[in-house]
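Chain naming here is simple, since letters A, B, ... match the order of the sequence lines and numbering starts at 1 in each. Please read all numbers here as calculations on a predicted model, not as lab measurements.
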Amino acid sequence: MFRRTLLSVLMALFPLSQALATEPLTVAVENQLEQVRRMAADFRQVKSSADQSLSLKSEGKLLVARNQGVLWQQTKPFEQSIRISDTTMTMQVEDDPVEVIKADSGSVIFSFVSVLKGVFEGNFKQLTDYFNVEADGSVTDSWKIRLIPKVSPFDQAFKAIVLEGKNSVDTIQLSEKNGDLTKIELFNKRLNKDVSESEMSVLKQR
Amino acid sequence: MSRKVKCPCSSNADLRLAVAWLMVVCVAAVLLIWKLPQTTVSANILDMLPRAEHAAFPQQQYLQRLEGQVIFAVRGQEAVEPFYEALTSDEAVAHVSGQCDQKCRQQWAEALLESRATLLSSEQIKQLEDAKAYSRKVLAQLYSPVSAVSKQELQKDPLLLMRGIIRQQSAVSLNLNGDWLTAKDQSGQPWTLLFVRLKDGLTNDQQHRWVTKINQQIAQTQEAHSAQIVYQGVIFYSDYAAQTAKHDLTLLGSLSCAALLFLLWWAFRSFKPLLFCLISISVGLICGLCACLMIFGSLHALTLVMCVSLIGVSTDYCTYYIVNRQENCEKESSWQTMLTLRPSLLHALFSTVIAYGIMIIAPFPGLQELAVFAAVGLLASCMTVLLWIPILAGSIKKHSVPMVSVFERYLDLWRNKTITAKLIIVVLVLFSVVGFSKLHIDDGLKALQNAPVQLLTHEKVIASLLNRDFSQQWLVVSAGDENQLLEKVGKIRAIVKNTEQNSHLLQYLPQINSVAVQRDAIEKAGIAYETVKKRLASVGATVSERLSLKPLGLTEFLSNPIGEPYQQLFLHDQDKWYYLMPFDGSQTLTQAFHEAGVDVVTVNRRAQIESVLQTYRVNIGWLLSVAYILIVLTYARRFGIRSAVSAALSLLLALAGALAVLGWLGLPMNLFSLFALILVIGIGIDYQVFFNRISRKDAVTLFALLVAALSTLLSLGILVFSSTAVVRNFGLVLSVGVLIAFLTAPISLLTAYEKHS
């Protein structure tokens, strides 16, 4: 009798223990990243084609305000800025006129843009509808989050999106289905109060 | 008990005529047997209306195309695959789109590549003019973290034109989810859409089999996968109408036949007269159907339904003869009876044919059919009574009129000019006046045929998913060639784009460049490409030496996978090109189009049909008055002014009362009510002729009229139970009209007695 009770308790616990093993890290990382309300960083990006024949390097500044928007300011090899909010994406190359893309309902282009916004914000909680989330490492030390697309059109574009970091995101890798790879490194990071209001005000423009 | 009188045929001439008539009937029967199997029975109520071609565009061609289209929306991902399989494996289906696998996507990408010049927006073309800025743009995309330009894309489309095109088209709410085309409803639930094109020239039976099969399939799939499937398509409406008509035809038809048999048995208490009636009816049916098929080559289901009811009218002649014959079979030969009755039978036939002749004038295929059927059928019935029945009715059992006293008493009411008789007239007048004050006219299509609620709810779901309008209203633009047409469409697009509230129209207004515009764009792109090539080389990206970009004609574009969805917006007929867009008829927009120099025409199919209905209602109203006057005049010539006045009053009471009942019941008056009135005139005058022709025994005539009226009521009155609103309306007006015509049949007695006293 006792053995049977123990067995059923164990059996009931088994899936739970399995869940306990993986859930906490993703949840913990999620919680950790949620603390990052603002971030300013320098970035280095390398986009390389599958056959390695093309390698495009660029540098600049990245500004992130969680739930408000992302500003990607490329300074090298030429100036370009990309500002993403929930409803629009504006792009400007050097002094050319600003181009605006609106988030029309169901727009495929914008669904990609908002995924990338989520990635920059470290807000992969909102991505779980489209991606399976896998976590590695530990929350106190360094961790690695892999986002594997599960629905169209993302599964046709990405192999995986990998985020690595400690306290905040350090590197982002966008691995495309065709073999192309985009690697973004973030450094000189300043978080939350270290980012001044005046710096953040850039995001609020338009 | 009853003495039988042998039939001394009046002459050989009569016998020869009878034989000749037999041969005519045999020929008609053979023709009918030969024609009937190849006959299509149409059930679309719109087929009963004039096939008016719209002046602005080849409407029939367009409507035929619409008829073959069906849209399904499936909620529940597991149900999609099996349902798709079931659809594609059906032999009535020509094509199903909605699934797009890897290979299909590849084809799309290639088609898009091929159609680049066609789809370039004017903004894109403008950007190409500044080569330096354009090259910066290309490079920026290459470096952008969000753009993901692959090397392959750069090789195939170095100016990244496809991206620009896709971005322009982002307003479309359809998405590919996995391999399936989906759209989200207001609550965010995804529905998979399947677009079906049915094979051309499906017969009614094939259509019905397909609809039945699909409904079973839907029920099965919904059950098995707890999914929901909705659909939209003209075929479902026409099949519903066909089935309703068929149901009416079989159910009401057999009910009516059974009731008639019972009535005739009650009236004659003998098998023979019943047989005569059946012979006369069958000959009428054979000749009527044969005439319809020879003249029109097709039959309308509603015509058939209405024709069943005409059986009742065609028994009148037979009934009238037999009642008189049974009464007088001891005194005279069957030919003598016929000789006394012939003038009134012919006069009655003549009046009825006048009434139907008017229907033939109306350009309504369905009603012309009805008119031809009725006129020929009644003529044949009457011929049969005139030529055959006297031969057959030589020996007939004497049977006195049942309930003579009742008839005599009713007749006495009129003979003695009693208060009651006058009261009947006063009541009828009051009934008519009050009914008329409540009468309303409605030419709306809704009043004719009620579509089932389920079809309408399904259509609503699909309309909201696709943001599409199925109300058959269009904006039509035409031009002599593709380029002119596309130029005009471009202007419309520009205007619509500038107005916020009309953005739903943009899905019908694709940017499709004329070949001339494409050539210009290709030239600009060629120049820009030189600069772009250098900039790309500077960052290590090598692209091909020459830009491959070719113009694509409209016809070619519409036949590739990218252009295919737009096929239904374009129509090519003889030397002209047409563009059609679903359009709700906004005045300000049409005005803006005209101001921009685009000659647009708005077509509202519903309004178009309703205005036709209205026009004909008014015209038939006039024809009815003319028929009334004509019939009364011919009557006056034969029976004198005094009895013509009373006949005119009886007819008027029948007509007015028949319309008044619509007012009392809150039903609308429409064209079809007037068609019933034409029959009321025809039948009403028959009663007057029969009644006044005979002076010998009014109760016998009244009994013949009662049998005739009851047979008409049993056959036409039964239409009141039809599930088609228009048939109900027709049946009701006719029944009430015939009833009043019967009740007021002895009206001339009022004046007759006045004369005597």
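- Within residues 31-48 of chain A, the residues approaching chain B closer than 4.5 Å by heavy atoms are, in numerical order, A:Gln45, A:Lys47.
- Contacts between A:Asp51 and chain B at a heavy-atom distance below 4.5 Å involve the side chain alone, from C-beta outward.
- Not one N or O on the side chain of A:Asp136 forms a donor-acceptor pair closer than 3.5 Å with the backbone of A:Trp143.
- A distance-only check finds a donor-acceptor pair linking the side chain of A:Ser49 to the backbone of A:Leu54 [under 3.5 Å].
- Interface residue B:Gln141: only backbone heavy atoms are found under 4.5 Å from chain A.
- Of the listed residues (A:Ser58, A:Pro77, A:Ser55), the one with the most heavy-atom contacts under 4.5 Å to chain B is A:Pro77.
- Interface residue A:Glu99: only side-chain heavy atoms are found under 4.5 Å from chain B.
- Of the two parts of B:Thr542, neither the backbone nor the side chain holds a non-hydrogen atom closer than 4.5 Å to a non-hydrogen atom of chain A.
- A:Leu174 touches chain B through its side chain: at least one heavy atom from C-beta onward sits under 4.5 Å away, while N, CA, C and O do not.
- No donor-acceptor pair closer than 3.5 Å links the side chain of B:Gln124 to the backbone N or O of B:Leu128.
- Atom-to-atom distance recorded for B:Tyr529:OH and B:Lys534:NZ is 12.5 Å, nearest 0.5 angstrom.
- Side-chain atoms of B:Thr88 come within 3.5 Å of backbone atoms of B:Tyr84 as a donor-acceptor pair (strictly under, hydrogens ignored).
- Looking at A:Gln173 and A:Ser175, their side chains never bring a donor and an acceptor atom within 3.5 Å of each other.
- Among B:Ser150, B:Pro145, B:Ala541, the residue making the largest number of heavy-atom pairs under 4.5 Å with chain A is B:Pro145.
- Note: B:Tyr143 and A:Phe78 meet the aromatic proximity criterion, with ring centroids under 6.0 Å apart.
- With a 4.5 Å cut-off on non-hydrogen atoms, A:Leu116 touches chain B through its side chain but not through its backbone.
- Between A:Trp72 and A:Phe120, the ring-plane angle classifies as tilted under the 30° and 60° cut-offs.
- Put simply, the side chain of B:Ser135 never gets that close to the backbone of B:Arg535: no donor and acceptor are under 3.5 Å apart.
- Looking only at distances, a side-chain donor or acceptor of A:Gln80 sits under 3.5 Å from a matching main-chain atom of B:Ala140.
- Judged by distance alone, with hydrogens and angles left aside, the side-chain atoms of A:Lys150 form a donor-acceptor pair with the main-chain N or O of A:Thr128 at under 3.5 Å.
- Annotation: residues 186-193 of chain A contacts chain B through no residue [non-hydrogen atoms, separation under 4.5 Å].
- Annotation: B:Phe72 is not in aromatic contact with B:Phe195 [ring centroid separation under 6.0 Å not met].
- Heavy-atom distances place no part of A:Lys117 under 4.5 Å from chain B, backbone and side chain included.
- Without hydrogens or angle criteria, B:Arg116 side chain to B:Leu113 main chain gives a donor-acceptor distance under 3.5 Å.
- When heavy atoms are compared at a cutoff of 4.5 Å, A:Pro97 does not approach chain B at all.
- Among B:Gln127, B:Lys126, B:Lys132, the single residue meeting the side chain to side chain contact (heavy atoms under 4.5 Å, CB included) criterion with B:Asp130 is B:Lys132.
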